[in-house]
Amino acid sequence: MSLTRREVEAIAHLARLQITEMELPVYVASLSKILDWVDQLAAVDTSAVTPMAHPLSGEVQRLRADQVTESDHHSRYQANAPQVVAGLYSVPKVIE
Amino acid sequence: MSAQDHWEVVIGLEIHAQLATRAKIFSGSATAFGAECNTQADLVDLGYPGTLPVLNREALRMAVKFGLAIGAQVAARSVFARKNYFYPDLPKGYQISQYEQPVVEHGTLDILLEDGSRKTIGITRAHLEEDAGKSLHDILPGATGIDLNRAGTPLLEIVSEPDLRSAREAVAYMKTVHSLVRYLEICDGNMQEGSFRCDANVSVRRRGEHRFGTRCEIKNVNSFRFVEKAINFEVTRQIDVLEGGGHIVQETRLYDANRDQTRPMRTKEEANDYRYFPDPDLLPVTVTPEFIAEVRATLPELPHQKAERFVKSYGLSAYDAGVLTATREFADYYEATVAALAATGDHSVAKLCANWLMGDVAAFLNRDGIEIAAAPVTAAALAGLLTRIRDETISGKLAKEVFEAMWAERASADAIIDARGLRQISDTGAIERAIDEVMAASPKQLADYRAGKDKLFGYFVGQVMKSTGGKANPAAVNALLKRKLAGP
Amino acid sequence: MTLHTLSVAELSAGLAARRYSSLELTEHFLGRIAAANPKLNAFITITAEEARAAARAADAERARGAGTALTGVPIAHKDIFCTDGIKTSCGSRMLDNFVAPYDATIVARLRAAGVVMLGKTNMDEFAMGSSNETSWYGPVRNPWDLDRVPGGSSGGSAAAVAARLAPAATGTDTGGSIRQPAALTGITGIKPTYGRVSRFGMVAFASSLDQAGVLAGSAEDCALLLRTMAGFDPRDSTSVDRPVPDYPAELGQPMRGLRIGLVKEFLGDGLDPGTAALIEAGIAVYRKLGAELVEVSCPALPLSVPTYYVVAPAECSSNLSRYDGVRFGYRCQNPRDLLDLYQRSRGEGFGAEVKRRIMTGTYVLSAGYYDAYYLKAQKVRSLINQDFERAFARADLLVCPTAPTPAFKLGDKLDDPITMYLNDIFTIGANLAGLPGLSVPCGFLGGLPVGLQLIGPHFAESRLLAAGHAYQRETDWHRRVPDAYR
């Protein structure tokens, strides 16, 4: 599966990754190669199986009790944040 | 013929109801509204590296309860999926939601239309998901502030079939769902606090056309009134565009209440490829028949069941029953009032209570902006007032004055009546004396009346009521006045 | 002092007998780390002060007559496990400034058992790699030959154990990242069954494949650590509630009558003759011990690498979306707007391999491609799983090589991602099926270690470790130490 520049730019945008002009052809080449290589899966006959999302067949989601178990540690957590103003995580202004 | 007659409106509503659990859907943080920003967001809510989600049993129970109440299929096996997109109030860069295998599917809900008829609205699905945090655009200069307290709160997304054909129907449906989730005690329905949010998908098509027109989604319209206005604006807009030869662009729009118009949203504009896939951190959710039976046993009498019972037991009209059962609290108040009057099976008493509740009580609740639970006049107190009307201690008209005083002073009917000396005069002797005085004071009117001017009867009634300070028993006044005016 | 040549089991006994203190041991290893790390680059963070404090506490515990088998034993943690108050970088610029505010469950369990943490080991960035060359902190070198890679992604943990800078280390294995570096550095490594060990606090790469495990000098040592690490964790929905066997106590299971499956697709003509000979010799040991050898065929197994390179990138593309410069981690300077904040923080914070996998994953999940790629790969995964199920109907354990070649030179395979990916050809299948796998050293080729891999059915860690232990009683490959690190 050969990808075009446009396609790689679109994927990079969906993934919010900045790719420079110089890097772009490198990624186009390597991604095309990888997708080309995984394309071999298309030829495999999978008509008799269902997708396996999990190695744990037969296990089901555990439910937890509806109880408040966490308390406020925001000062500790916000010490890790790049920018906190008035207790809020700050990002460049978003216009809706 | 208006433009509307050529066009059919097609509306589907997506309602997000915040489930009233104590803790969040995938973490143990509190869900209580109004906490200081970012004090109810733990490491899981913040999407910290290495953290993992575990499902809250109560959120699942509430979803199943809703499914049973709308006669839907409850999936024995449902799956959580990741909805991937970037937004600063979505900490993990994906929302845990349900996609191909939701917990509830294919239910229905009946709505009551203005003409009294019922319409069945299909509910395609209801699924569980986590709420995002809040983006505050106007607090920090040049920046947007993110509060993640709300991130991870459980939501039930309820999606209707595109069965609604007018803004009015949409509002009726929204109110019906609102009432139901409160009846079920799975959501407090507080739209100001964002517990109950509505998106409307609106399109139009020429009458007779089978295919759906291009639709626009109006996001986050959070009052019944605004939903109606927003839809009406959007319908007009779409019709105008189409009649002008243009075509509708599929987009997401916001309702601007100040200008009463919808406009396109800017950031979510680009077609978002959400890349849904089953969340590998969560396993398939199993709902056993035992679990369903357990939940079914907790179902209260549903609004439509209660309304039907009110029609049968209290002899009320479908419309009155509908109004009285709009909320569980209102219905309970009504029944408590009727019960306190100890007049089982007496439909006139039931009707009296209904009138008072739908009339004076509702008016005062509206005036003061409170809910029935906060009413200063309890059901027992109201019953006390109605008793005094029935035993003719006071007239119906005076009762309104008494009610207002009861509301303001939180006092009983008797206390007010005694304090203000409002007991009705039913003593015929006293009434006759009052009539005699009035007749003596109004010879001309008397002569005119006896000459045939029947309309003057009202004048005499008024005079008698005036001279008795409004306390004379109206029925007695009427009877005695008729006899005396007729002549010796 | 040859304290560093002792196994965890021996150190445990030595500490119990008060032959030496934990503080002595800790200082010894810290000294070795200080001397060796500049060349090997096995550690990103050395927690010397914390280690000393923990050692003193462990000594006090032992003095009281309390403590567990692991009390006072120094180990290293792969820098993918959150450690409370300690930098946790995942080998990435994105988390270079990240101090974890909590302990991963396995870290807490080992801490509670009295283990002493020496430091956090280097790794391929976000666990993506097979050579430990993608780390922001530079490559790790193989103690057997400094110009060669130690394998990855748990390269730092492997090099640390191989050079005897720590008697054991934790690692993670998503496509072979414990087993392959163990093979390339001549040590023992175990990837448990999916769900056996908690993933809470283990930074996610591919959620349905990741598992935490152990790298150490022997199967016995792995057993000692795994016993403490394993077990149900209510904070991990994919953690299985199943009792943990006393692995060390069960190491003595006899090999007689054990059916060992020879995986036809992995032991055929394509295998390098040098490696094939060593594997043959390894198999012969089991034959000698009375095991029954059966040939099994897993025809879908050769598809495991392309399958993995659809599923793992898909899951990682989503798991890594949380790194956005908002709540923690790297943020670019002076972002112009929100889009710029995201694009540059992530563009600058992530390395090339990570970005490549995120983009691959984004593509295979995207509209129009989901069915053909992601869903298809999950179906092939079912086929591979079925192959293993059929094999385990006839065999109790499977045997094959761990890696296709011994350690290659740094820089050798960086040009072509697929060549690098194929390093995991023998290990990935077990991850896709969630099976436990163990690699034990089985010889040398040109002076470089080679590993033998055993794969078991779900929750057969006990049998796996016993088989590794039996092999290590008959051989001494696992006792070899590179000259420079004796």
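As the structure is a computational prediction, the values presented were derived from the model and not from experiment. We name chains A, B, ... by the order of the sequence lines, and we start the count at 1 in each one.
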Just so I understand: if I count every heavy-atom pair under 4.5 Å between each of C/Gly347, C/Gly434, C/Pro101, C/Ser208 and chain A, which residue has the most?
C/Pro101
Quick check: closest heavy atoms across A/Gln61 and C/Ser237, and the distance to 0.1 Å?
NE2-OG, 2.9 Å
In terms of heavy-atom proximity below 4.5 Å to chain C, should A/Ser90 be classed as side chain, backbone, both, or neither?
backbone
For C/Ser207, is it the side chain, the backbone, both or neither that has a heavy atom under 4.5 Å from a heavy atom of chain A?
neither
Heavy atoms, side chains only, cut-off 4.5 Å: are A/Ile34 and C/Pro417 in contact?
yes
For C/Ser321, which atoms come within 4.5 Å of any heavy atom of chain A: side chain, backbone, both, or neither?
neither
Heavy-atom closest pair (A/Tyr27 atom, C/Lys355 atom, distance to 0.1 Å) is OH-CE, 3.3 Å
Quick check for you: to the nearest 0.5 Å, what is the distance between C/Tyr363 atom OH and A/Glu7 atom CD?
5.5 Å
Only residue of C/Asp324, C/Ile358, C/Leu341, C/Leu339 satisfying side-chain contact (heavy atoms from CB on, under 4.5 Å) with A/Arg16 is C/Leu339
So A/Ile19 and C/Met359, side-chain contact (heavy atoms from CB on, under 4.5 Å) or not? Walk me through it.
CA-CA 11 Å; A/Ile19 308 288; C/Met359 287 198 277; 3.7 Å; yes
Spacing of CZ belonging to C/Arg356 relative to CG belonging to A/Leu31, to within rounding of 0.5 Å:
7.5 Å
Given a strict heavy-atom distance threshold of 4.5 Å, which part of C/Ala314 is in contact with chain A: side chain, backbone, both, or neither?
neither
Can you find a pair of side-chain heavy atoms, one from C/Arg331 and one from A/Val91, that are under 4.5 Å apart?
yes
Give the member of C/Val380, C/Leu338, C/Ile418 that has the highest number of heavy-atom pairs under 4.5 Å with chain A.
C/Ile418
Hey, is the main chain of A/Val44 close enough, under 3.5 Å, to the side chain of C/Lys379 for a donor-acceptor pair?
no
For A/Ala15, is it the side chain, the backbone, both or neither that has a heavy atom under 4.5 Å from a heavy atom of chain C?
both
Chain A contact via C/Pro335 - which portion, at a heavy-atom distance below 4.5 Å:
both
What residue in C/Val311, C/Val99, C/Asn431, C/Val310 has the most heavy-atom pairs under 4.5 Å with chain A?
C/Val99
Quick check on C/Ser345 against chain A: is it the side chain, the backbone, both or neither that has a heavy atom closer than 4.5 Å?
neither
Chain A heavy atoms under 4.5 Å from C/Val364: which part of the residue, side chain, backbone, both or neither?
side chain
So which part of C/Tyr323 gets closer than 4.5 Å to some heavy atom of chain A, the side chain, the backbone, both or neither?
neither
What part of C/Tyr373 gets closer than 4.5 Å to chain A, counting heavy atoms only: side chain, backbone, both or neither?
side chain
Please report the closest heavy-atom contact between C/Arg344 and A/Gln18, naming both atoms and the distance.
CG-OE1, 3.3 Å
Working to the nearest 0.5 Å, report the span between OG1 of C/Thr238 and NE2 of A/His54.
6.0 Å
Check each atom of C/Ala300 against the heavy atoms of chain A and say whether the ones under 4.5 Å are side chain, backbone, both or neither.
neither
Interchain contact, C/Leu432 with chain A, by part (heavy-atom threshold 4.5 Å)
backbone
Carefully, step by step, assess C/Phe232 and A/Arg62 under the rule side-chain contact (heavy atoms from CB on, under 4.5 Å).
CA-CA 12 Å; C/Phe232 175 64; A/Arg62 214 178 57 81; 3.4 Å; yes
Are there over 12 heavy-atom neighbours, none belonging to C/Lys87, within less than 6.0 Å of that residue's NZ?
yes
How long is the straight-line distance from CG of C/Asn385 back to OG of A/Ser57, given to the nearest 0.5 Å?
7.0 Å
Give, for atom CG of A/Leu14 and atom OG1 of C/Thr362, the distance between the pair rounded to the nearest 0.5 Å.
6.5 Å
Side chain, backbone, both or neither: which part of C/Phe350 has an atom under 4.5 Å from a heavy atom of chain A?
side chain
Greatest number of heavy atom pairs closer than 4.5 Å to chain A - which of C/His458, C/Arg346, C/Gln386, C/Glu348:
C/Arg346
Evaluate side-chain contact (heavy atoms from CB on, under 4.5 Å) for A/Trp37 paired with C/Val305, printing each intermediate quantity in order.
CA-CA 10 Å; A/Trp37 173 65; C/Val305 189; 3.3 Å; yes
Do side-chain atoms of C/Ser382 reach the backbone of A/Thr50 as a donor and acceptor pair under 3.5 angstrom?
yes
Is chain A contacted by the side chain of C/Pro234, its backbone, both, or neither, given a heavy-atom distance below 4.5 Å?
both
If you tally heavy-atom pairs under 4.5 Å between each of C/Val240, C/Leu209, C/Asn97 and chain A, the highest tally belongs to C/Val240
For the CG atom of C/Leu303 and the CG atom of A/Leu41, what is their distance to the nearest 0.5 Å?
6.0 Å
A/Gln78 versus chain C, the contacting section by heavy-atom distance below 4.5 Å:
neither
Hey, is A/Arg76 close enough to C/Asp84 for a salt bridge, meaning N to O under 4.0 Å?
yes
Should A/Lys93 and C/Asp337 count as an ion pair when the cut-off is N to O under 4.0 Å?
no
On a heavy-atom basis, the closest approach of A/Pro82 and C/Gly325 is CG-O, 3.4 Å
